[in-house]
Amino acid sequence: MNTLIEYEASKLADLFDQGDRIAMHMFMENMHMPIDVQNKLMEEISALNHIDQNSIGKIIENYGQSQFSERLTL
């Protein structure tokens with residue numbers, strides 16, 4: 001998991017713990033995530049037994065649009 005996804009997952013975990021679904025959607029909007037993907041992501045996060053950064057990061061990676069690897073080489 002790359003640093004950007006770790007940050008996004010951490011932020012979403014915090015917002016989910018606060019129960020602030022609107023802030024979660026706004027954050028995902030800033031991530032340029034389509035609404036349908038936001039809804040799927042929210043459903044999957046809600047279905048987790050243990051909500052933490054790693055679990056959310058894996059879900060983000062499943063729906064991610066970036067094809068960059070964690071480390072870019074020349």
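Side chains are part of it too, since the values below use all heavy atoms of this structure and drop only hydrogens, waters and symmetry mates.
- Contact between M24 and L15 at its shortest, heavy atoms only, is CG-CB, 3.4 Å.
- Taking CG of N62 as the reference point, atom NZ of K40 lies at 12.0 Å (rounded to 0.5 Å).
- Summarising the geometry, atom CD1 belonging to I51 is positioned 3.5 Å from atom CZ belonging to F16; distances are rounded to the nearest 0.5 Å.
- Under the 4.5 Å side-chain heavy-atom criterion for Ile, Leu, Val, Met, Phe, Trp and Tyr, I60 and L4 are members of distinct hydrophobic clusters.
- Contact annotation: the side chain of E44 never approaches that of I56 to less than 4.5 Å [non-hydrogen atoms, C-beta and beyond].
- Taken from CG in D36 to CG in L41, the straight-line distance is 11.5 Å, to the nearest 0.5 Å.
- Between the CZ atom of R21 and the CE atom of M42 there is a distance of 3.5 Å, given to the nearest 0.5 Å.
- Nearest approach of I35 to E29, heavy atoms of both residues: CD1-OE1, 3.9 Å.
- Each of L12 and M26 belongs to its own hydrophobic cluster when Ile, Leu, Val, Met, Phe, Trp and Tyr are linked at side-chain heavy-atom distances under 4.5 angstrom.
- Considering every non-hydrogen atom in both A9 and G57, the closest pair reads CB-N, 3.5 Å.
- Interatomic distance, I5 CD1 to I59 CD1, rounded to the nearest 0.5 Å: 12.0 Å.
- No side-chain N or O of E6 forms a donor-acceptor pair with one of Q53 less than 3.5 Å apart.
- With values rounded to the nearest 0.5 angstrom, Q38 atom CD is found 11.0 Å from F27 atom CZ.
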